[in-house]
Protein chains: 2
Amino acid sequence: MLNYSEIDSILRALVEPTRRQILERLSRGPATVSQLAEPFGMTFAAVLQHLQVLEACGLIRSEKIGRVRTCRIEPGGLAPLADWIAERRIPAERQLDRLGQILADTDQSPPKVQDQEKDEQT
Amino acid sequence: MLNYSEIDSILRALVEPTRRQILERLSRGPATVSQLAEPFGMTFAAVLQHLQVLEACGLIRSEKIGRVRTCRIEPGGLAPLADWIAERRIPAERQLDRLGQILADTDQSPPKVQDQEKDEQT
DNA sequence: GCAATACTCAAGTCAATGCTTAACTATTCC
DNA sequence: GGAATAGTTAAGCATTGACTTGAGTATTGC
């Protein structure tokens, strides 16, 4: 419940395709708000709202000089999500080995699963 | 643009806190639908819908034996998202090194240096 | 066979969120 | 100074998605 909020805000930011495209665009170099708004067929205000979401969760950073706001990727921004995934992949992988014994021990739990566990990895 | 849909479905699944909790629960061992529904203060049907979302994007797997459906983690399920993050972290980190020079070159104005990274394709 | 159990499906409700429009502020150029 | 530029904010609409209710199906136990 405590550190969920950081993961939560990052996931909420990334789940929107437009925001992922903005990230891709910024990965190739910093850009102003109007430069970002142009290729996406949407208004200034909409892009601005996306940028605010991205900045609020630490995925980008922006700086206003004069009347121009320049946005760029925040390098460590994806680290919390990467960590979260890493933490959950190890137990899940370990789970695979234990599965047979867990199911063999408890008899009131899922009844007798055939352990043909053909792991198809990606 | 094409393989976005897999990432998209995984992110949409993970963005819902309840579904992340279901994943946590399943990380500690397989469970039936009713076992999953009990701790969360919600109906059977709601949990079932979450499970369908999780299964549709490959994060869990389920199997029905008799009248009982048993769910478990799909070990490689988070791999596509982990790969997606890894692909985007490397360019972002490389960005960091250039940042200083970019800002040093341009005195105050928005940088216009997006043209030296044309060959970076992910 | 019949009742209880475990799950499934189909609407329907409600809140959250993306996007628009429109008015507004701050900065630059003439 | 005044117009054009670049961005900001607020309000409102429309879609999406989570959750509920209620009815329905298949399996198990007696």
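When reading the values below, keep in mind they use all heavy atoms of this one structure, side chains included, and skip hydrogens, waters and symmetry mates. Chain letters run A, B, ... following the sequence lines, proteins first, then strands; residues in each count from 1.
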Student: Quick one: OG on B:Ser62 to CD on B:Gln52, what's the gap to the nearest 0.5 Å?
Tutor: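 Between atom OG of B:Ser62 and atom CD of B:Gln52 there are 9.0 Å.
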Student: As an exercise, state the distance from CG of B:Leu36 to CD of B:Gln21, rounded to the nearest 0.5 Å.
Tutor: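 Nearest 0.5 Å value for the CG-CD distance: 11.5 Å.
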Student: So where does chain B start and stop touching DNA chain D, 5' to 3', when the test is distance under 4.0 Å to a non-hydrogen atom?
Tutor: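 Boundary nucleotides touching chain B, in 5' to 3' order, are D:dG17 to D:dT28.
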Student: Taking only side-chain N and O atoms of A:Arg19, does any of them lie within less than 4.0 angstrom of OP1 or OP2 on C:dG18?
Tutor: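 True: A:Arg19 side-chain N/O within range (under 4.0 Å) of C:dG18 OP1/OP2.
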Student: Quick one: A:His50 NE2 to C:dT20 C1', roughly how many Å, whole number?
Tutor: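 Spelled out: NE2 on A:His50 to C1' on C:dT20 is 12 Å.
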Student: Roughly how many Å is it from CD in B:Glu38 to P in C:dA6, rounded to a whole number?
Tutor: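 It is 11 Å, rounded to the nearest whole Å.
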Student: Could you state the CD-P distance from A:Gln49 to C:dT20, rounded to the nearest angstrom?
Tutor: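 Checked: the CD to P distance equals 9 Å.
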Student: In whole Å, what is the span from the CG atom of A:Leu48 to the P atom of C:dT17?
Tutor: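 Whole-Å distance recorded here is 18 Å.
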Student: Take atom CZ of A:Phe40 and atom P of C:dC19, then tell me their distance rounded to the nearest Å.
Tutor: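 Those two atoms, CZ and P, are 10 Å apart.
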Student: Could you check how far CZ of B:Phe44 sits from P of C:dC9, rounded to whole Å?
Tutor: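 In whole Å, C:dC9 P lies 13 Å from B:Phe44 CZ.
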Student: Can you tell me how far the CG atom of A:Leu14 sits from the CG atom of B:Leu14, to the nearest 0.5 Å?
Tutor: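 The CG atom of B:Leu14 is 10.5 Å from CG of A:Leu14, to the nearest 0.5 Å.
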Student: Does B:Arg61 reach the main-chain N or O of B:Glu74 with its side chain, forming a donor-acceptor pair under 3.5 Å?
Tutor: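 Such a contact is absent between B:Arg61 side chain and B:Glu74 backbone.
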Student: I need the A:Arg72 CZ to A:Glu63 CD distance, nearest 0.5 Å.
Tutor: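 Answer rounded to 0.5 Å: 5.5 Å.
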Student: Is B:Thr32 close enough to C:dA6 that one of its side-chain N or O atoms is under 4.0 Å from OP1 or OP2 there?
Tutor: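 The answer is no; no side-chain N or O of B:Thr32 sits under 4.0 Å from OP1 or OP2.
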Student: Rounded to the Å, how far apart are A:Arg12 CZ and C:dA15 C1'?
Tutor: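 Rounded to whole Å, this separation is 13 Å.
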Student: Atom CG in A:Asp8, atom CZ in B:Arg20: separation rounded to 0.5 Å?
Tutor: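 Rounded to the nearest 0.5 Å, the CG-CZ separation comes to 4.5 Å.
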Student: Among C:dC7, C:dT5, C:dC19, find the nucleotide with the atom closest to the side chain of B:Ser34.
Tutor: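 The listed nucleotide nearest to B:Ser34's side chain is C:dC7.
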Student: Closest nucleotide of DNA chain C for A:Ala45 versus for B:Val33: which of these residues is on the 5' side?
Tutor: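 On the 5' side of the pair lies B:Val33.
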Student: Looking across every strand, which nucleic acid part, if any, lies under 4.0 Å from A:Glu16 by heavy atom: base, sugar-phosphate, or nothing?
Tutor: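 Sugar-phosphate: the residue A:Glu16, judged by heavy atoms under 4.0 Å, touches backbone atoms but no base.
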Student: To the nearest 0.5 Å, how far apart are CD in A:Glu6 and CH2 in A:Trp84?
Tutor: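 A:Glu6 CD to A:Trp84 CH2: 13.0 Å, rounded to 0.5 Å.
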